[in-house]
Amino acid sequence: MAHPLEQLRDHALREVESATDEQALEAARVKYLGRSGSVSTWGEQMKTLAKEEKPIVGKLLNEVRNAVTAAIESRAAQFRSQKESVGLAKIDISLPGTPSGYSGYSGYSGYSRTAGYSRTTESRGSFHPLTQILERSIEIFRRMGFALADGPDIEDEWHCFDALNTPPEHPARNEQDTFYLPDGRLLRTHTSTVQIRTMQSAPPPIRVIAPGAAYRRDELDATHSPQFHQIEGLYVDENVSVADLKGALEFFMRELFGSGTDVQFRPHYFPFTEPSLEVYVKSKALKKGEQWIEVAGSGVVHPAVFEAVNKARGDKAYDPEKWSGYAFGLGMDRLAMILFDIPDLRLFAQNDLRFLKQFA
Ligand code: DAH
């Protein structure tokens, strides 16, 4: 024979299960768990039980109370979700949505100058042309086995100049060219700083690209900006030569600008490479198809750079007798201007939707 408490539990569970609405469920809850409900009454009766019966009945009573409480909660949850789905069914999902740019407010005069642009047309977001170039470039370098590296925009002179074999009297270090902070640090004038940071933190072989911003005290005009963007590249391994550098950059340029792209390397001078080369491209696919355009600096890593890194590391990990490397710095703004035929660098920072929408 089941204990009367078990019978009570079975009744209660059946009643909860068959409750068809919230009122019926609430009635069942009051009947069993309410202050004068059956389960509570049993609790009262505990006092009258014999000493040895108390723990057994007490335990059973707890189980019954828990089972009934759980059943009521789960039935209540069922009612709630039924209600929600009824509510959702009332929403007509075939109704066209409100365009995301629409605010119903047309009083902002900033747009009235912009003939032909209406806030009521759909204004879905898209990536900035520089972001697009960056992503395309990273994807190409990834396929060539380059990993991503980065470093801070605020740098010290050692990472920006000394370690890159740039002597104190070099004009780039001049306050006319470089933004210095009051504490002597500076805004990096190129991303080549990341070459040093990468080699400090890991031994060779190294194959990284480091995209990021760089800063120079240039007057803002169509082709110069105090903030611009570069992709630095560094490859260090045994027997790396100019041929590897040329192969990698030619591959990159053809992937980016099309197979009909010609690449030219012209001798140049950078303190941190020897030999140093400037990289030019010409592509029939481009508007300025007949013109050589400079897009990067590059070269074979100067042994003095390896020595500076070794000194900072306190080892001989970058032994110039054993390791060699190439490096390059691509002008990203320049690449974007060429690829998208953008005449003026300032457009990148003006947030003009007429411009940005052309790259959506
Ligand atoms: N850092 C140079 C600049 O901003 C570009 C450059 C030249 C980077 C040669 C390199 C390199 O890595 O090897 O003008």
Side-chain angles (χ1 to χ4, degrees), residues 137 141 144 146-153 155 157-167 170-174 176-179 186-200 204 206-218 223-237 240-250 252-253 263-281 293-306 308-309 318 320 323-335 345:
S137 305
F141 282 119
M144 289 194 263
F146 284 83
L148 277 174
D150 75 359
D153 289 25
E155 263 295 1
E157 284 197 82
W158 187 79
H159 283 96
C160 200
F161 300 125
D162 301 283
L164 287 160
N165 196 34
T166 308
H170 194 282
R173 303 181 69 141
N174 202 302
Q176 261 92 59
D177 287 326
T178 300
F179 292 105
L186 48 80
L187 298 184
R188 67 179 178 194
T189 57
H190 51 185
T191 47
S192 303
T193 53
V194 187
Q195 291 186 31
I196 305 301
R197 290 190 173 271
T198 306
M199 290 191 281
Q200 274 183 280
I206 290 275
R207 198 197 310 242
V208 293
I209 51 163
Y215 308 83
R216 284 179 204 170
R217 275 184 181 267
D218 275 329
T223 53
H224 298 87
S225 164
Q227 188 204 42
F228 54 101
H229 303 86
Q230 296 185 321
I231 297 181
E232 192 73 17
L234 174 68
Y235 175 42
V236 181
D237 207 329
V240 177
S241 72
V242 181
D244 299 304
L245 168 67
K246 292 174 84 171
L249 287 180
E250 275 175 15
F252 173 79
M253 298 303 170
V263 184
Q264 200 179 67
F265 295 84
R266 302 187 190 170
H268 196 74
Y269 172 78
F270 298 105
F272 34 90
T273 43
E274 177 60 38
S276 301
L277 303 161
E278 269 185 340
V279 187
Y280 287 72
V281 292
I293 308 170
E294 189 219 323
V295 287
S298 67
V300 172
V301 179
H302 198 294
V305 174
F306 287 151
V309 168
Y318 286 86
W323 303 97
S324 49
Y326 66 68
F328 56 83
L330 294 163
M332 274 215 277
D333 311 77
R334 188 68 74 84
L335 292 180
L345 190 76

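Note that ligands are numbered from 1 as they come in the structure, with each ligand's atoms numbered from 1 the same way.
Salt bridge Asp153/Arg188: present, at least one basic N to carboxylate O contact under 4.0 Å.
Under the 30°/60° scheme for interplanar angles, the aromatic rings of Phe146 and Phe328 are found to stand perpendicular.
To the nearest 0.5 angstrom, Thr189 atom OG1 is 11.0 Å from Asp218 atom CG. Considering CG of Asp244 and CG of Asp237, their distance stands at 9.0 Å, rounded to 0.5 Å.
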Would you tabulate the polar-atom pairs, meaning N/O of ligand 1 against N/O of the protein, with distances under 3.5 Å, reported to 0.1 Å?
unit_1	atom_1	unit_2	atom_2	d
ligand 1	1 (N)	His190	ND1	2.9
ligand 1	1 (N)	Ser192	OG	2.9
ligand 1	4 (O)	Arg216	NH2	2.8
ligand 1	4 (O)	Gln230	NE2	2.9
ligand 1	12 (O)	Gln195	NE2	2.9
ligand 1	12 (O)	Glu232	OE2	2.6
ligand 1	12 (O)	Phe328	N	3.2
ligand 1	12 (O)	Phe328	O	3.3
ligand 1	13 (O)	Ala327	O	3.2

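For the pair Arg266 and Tyr280, the cation-pi test (distance below 6.0 Å, angle within 45°) is passed.
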Please step through side-chain contact (heavy atoms from CB on, under 4.5 Å) for the pair Tyr235 and Met144, ending with a clear verdict. CA-CA 11 Å; Tyr235 175 42; Met144 289 194 263; over 6 Å; no
